[in-house]
Amino acid sequence: MDHSELNPDEARRLKTLRGRIEEHDIPSSRLDESLNLAIWNVRDFGKKRRTKDALHMIAEVIYQFDLVAFVELGANLKPLRKVMDLLGPYWRIVYNDITPGYAGNQERIGFLYDKRMVTFNGFAAELSPRMVRPKGMNAAGKKHDYVAEFGIWRQPYMASFRAGTFDFIVVATHIRYDSKHEERRVEELEYIAEWIGRWCKSKHMVDRDIIVLGDFNTPSIDDDDAFFNALTSAGLRVPASLRTAGHTNFAGGKQYDHILYYPGQTKTVTNKGGVFRFANKRNCKALFPALSPTEFTYKLSDHYPVWVQLNTDTDDERLDQLINRN
C-alpha cells in the first residue's frame, strides 16, 4: 500500500496502528484454502469529513481482510474512492444506493473485496419484504394496491461470492436504533431473521450457504437479551470464536456487531475469529493526539471490525455429500 503522501508524523502514527494490527495476530489467509471475512461499521463514512491520515488508517485496517462488509457508507463516495485507490488495483467493491429519509440516514452498504482471493458471482440485491394488501382492504377494494408487509429502516444488502471451491452469499445490514421504541427493533430483528430463514430454503435459491453480517444494535449475546434472541430466532448462530470475543463498540460494553451463519448448512466457518480493537479512550491519542475520544470516532469509527476465517477448500465436504447420497 502506498503511504508516500504522508508526512513523518502521520507515518509514525500509522506505524503505531500497524503495530496494533500485528499484536492482534489476525491469521493469514491462503489462496483457495481460507478467507478472512469481516464486518465494519465505519461511523458516518462520507458524511463527516476525514483527514488524509484517517483514510490511510481505514485502508490499512481493511487491508487485513479479504472481504469486508462496509456499513454506514454514505452518499458521498469521494472518500471511498480514495480508500479504494490506497488498497490498490486488486480491490473491488459492490454497493447499493442510499436509503433516503430520517430512518435511512442516507446510508448504503458496500462489500469490499480483494479479487485475488474472492470473486463476485454476479448476484446482488436488497431484501424485499413481501407485498400485501393494506389492512382493512377486502376483495372489493382496489385489488392492485399493495404495501410492504413490514417497514425496515434500512434494507439489508446481499451479494454472492466465490473463494476457492466455496460459493456463498453474504447478507449485511444496519438495524434501526430507537431507544424510545425498542419493541420495534425486536420486531425488525425477528422479521429479518425469519425472512432470511425462509428465503434460503426457496426452490430457486442462488446459494444456500448464507453468512449474515452487520451492526444489529444488540447490547449483548446473553440468553436473556431480547434483541439477540430475536436475531437468532430462526436458526442463525454466532461462531464459537465470536461468542466470547467481547464488546464491539469503542465506548465498551456492547456487542452490537456480529457474523452469523446456519451451522447445519455452512460447514466452512473455522474457530478463528475476533474483534480488532484498534484503540480505546485511553490510547486513542497515540493515533490522533489532538482529538478527544468522541472526535476520534469520527476519524476511524465508534465500532470495531469483527472478523472470522472461512475454510474455502470444500472438496472433501462435496465428496462426503456424494458418498452419503441416497
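Keep in mind it's a predicted model, so treat the numbers as computed, not measured.
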>> Pair I39, I259 - check side-chain contact (heavy atoms from CB on, under 4.5 Å), show working.
In response: CA-CA 7 Å; I39 166 67; I259 298 173; 3.7 Å; yes

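- When all heavy atoms of D225 and P219 are compared, the pair lying nearest together is OD2-CD, 3.5 Å.
- Formation of a donor-acceptor pair under 3.5 Å by the E33 side chain with backbone atoms of S29 is not found in this model.
- Side chains of W307 and P27 form a contact here, defined as non-hydrogen atoms less than 4.5 Å apart.
- A centroid separation of 6.0 Å or more is found between the aromatic rings of Y95 and F70.
- Between the N217 side chain and the I175 main chain, a donor and an acceptor come within less than 3.5 Å of each other.
- In this structure, W91 contributes its side chain and L86 its backbone to no donor-acceptor pair below 3.5 Å.
- Atom CD in Q309 sits 4.5 Å away from atom CG in N36 (nearest 0.5 Å).
- Using a 4.5 Å heavy-atom cutoff, the side chains of F120 and K115 are not in contact.
- Contact check for N96 versus Q155: no side-chain heavy atoms found under the 4.5 Å cut-off.
- Looking at N121, its side chain never comes within 3.5 Å of a backbone N or O of F123 through a donor-acceptor pair.
- Of the possible donor and acceptor atoms, one in the side chain of R50 sits under 3.5 Å from a partner among the backbone N and O of K299.
- Under the rule for a ring pair (Phe, Tyr, Trp, His ring centres under 6.0 Å), Y261 has no partner lying at least two apart in sequence or in another chain.
- Between Y256 and Y177, the ring planes lie perpendicular to each other; the angle is over 60°, past the 30° to 60° tilted range.
- For the pair I211/L310, a side-chain contact is recorded, criterion being any heavy-atom separation below 4.5 Å from C-beta on.
- Considering T232, T218, T248 in turn, T218 is the only one that fulfils the side chain to side chain donor-acceptor pair (under 3.5 Å) rule with H258.
- N249 contributes a side-chain N or O that, together with a main-chain N or O of K254, makes up a donor-acceptor pair within less than 3.5 Å.
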> Run the side chain to side chain donor-acceptor pair (under 3.5 Å) check on D209 and T266 step by step: do they pass?
Replying inline: CA-CA 5 Å; D209 287 298; T266 302; 2.9 Å; yes

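- The environment of D222 atom CG is dense: over 12 non-hydrogen atoms of other residues, nucleotides or ligands sit within 6.0 angstrom.
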Which pairs would a plain distance check flag for residues 199-206, meaning a side-chain donor or acceptor within less than 3.5 Å of a matching protein atom at least two apart in sequence or in another chain?
residue, atom, partner, partner atom, Å
S202, OG, W199, O, 2.7

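- Contact of the Y262 side chain with the L236 side chain is registered, since non-hydrogen atoms from C-beta on lie closer than 4.5 Å.
- Under the 4.5 Å side-chain criterion, counting only non-hydrogen atoms from C-beta, V61 is in contact with P305.
- A ring-centre distance under 6.0 Å is found for F250 and F296.
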Just list the side-chain donor-acceptor pairs under 3.5 Å for residues 278-295, sequence neighbours left out, or say none.
residue, atom, partner, partner atom, Å
N280, OD1, R282, N, 2.9
N280, OD1, N283, N, 2.9
N283, OD1, N280, N, 2.8
K285, NZ, P289, O, 3.3
K285, NZ, L291, O, 2.7
S292, OG, E295, N, 3.2
S292, OG, E295, OE1, 3.3
E295, OE1, S292, N, 2.8

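- The closest side-chain heavy-atom distance from W153 to T99 is not below 4.5 Å.
- Interatomic distance, E194 CD to E190 CD, rounded to the nearest 0.5 Å: 10.0 Å.
- Of the possible polar contacts, none joining the R130 side chain to the F150 backbone as a donor-acceptor pair under 3.5 Å is found.
- A side chain to side chain donor-acceptor pair (under 3.5 Å) with N105 is found for one member of K47, H174, E72 and no other, namely K47.
- Minimum heavy-atom separation, A193 to A234: O-CB, 3.4 Å.
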> Are L35 and M117 close enough, and set up right, to give a side-chain contact (heavy atoms from CB on, under 4.5 Å), and what steps lead you there?
Replying inline: CA-CA 7 Å; L35 181 83; M117 299 298 296; 4.2 Å; yes

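- A salt bridge (charged side-chain N to carboxylate O under 4.0 Å, His left out) check over residues 102-113, counting only residues at least two apart or in different chains, returns the pairs D97-R108, E107-R154.
- Smallest separation of non-hydrogen atoms from P129 and I152: CG-CD1, 4.1 Å.
- Across P79 and G46, no two heavy atoms sit closer than the pair CG-CA, 3.8 Å.
- For R162, the side-chain hydrogen bond (donor to acceptor under 3.5 Å, both in side chains) criterion is met by D167, not counting sequence neighbours.
- Annotation: side chain of V68 is not in contact with side chain of Y113 (no heavy-atom distance under 4.5 Å).
- A salt bridge links R13 with D9; the closest basic N to acidic carboxylate O contact falls under 4.0 Å.
- Taking all atoms of both residues into account, the shortest heavy-atom contact from H247 to R277 is O-NH2, 2.9 Å.
- Qualifying side-chain hydrogen bond (donor to acceptor under 3.5 Å, both in side chains) partners for S160, counting only residues two or more places apart in sequence or in other chains: none.
- The aromatic rings of H3 and H56 sit tilted, their planes meeting at an angle between 30° and 60°.
- A continuous path of Ile, Leu, Val, Met, Phe, Trp and Tyr side chains, each step under 4.5 Å between heavy atoms, connects I26 with L37, placing both in one hydrophobic cluster.
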> What's the verdict on side-chain contact (heavy atoms from CB on, under 4.5 Å) for W40 and I58, showing C-alpha distance, side-chain angles and the deciding distance?
Replying inline: CA-CA 10 Å; W40 192 13; I58 288 171; 3.9 Å; yes

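- Of the residues listed (D313, D315, T312), the one engaging F166 in a side chain to side chain contact (heavy atoms under 4.5 Å, CB included) is T312, and it is the only one.
- For the pair K52 and E10, the salt-bridge criterion is met [side-chain N within less than 4.0 Å of a carboxylate O].
- For T165 (side chain) and T314 (main-chain N/O), a donor-acceptor pair under 3.5 Å exists by modelled atom type.
- In summary, R20 and E23 do not engage in a salt bridge, as defined by a charged side-chain N under 4.0 Å from a carboxylate O.
- Annotation: cation-pi pair R43/Y298 present, NZ/CZ under 6.0 Å from the ring centroid and within 45° of its normal.
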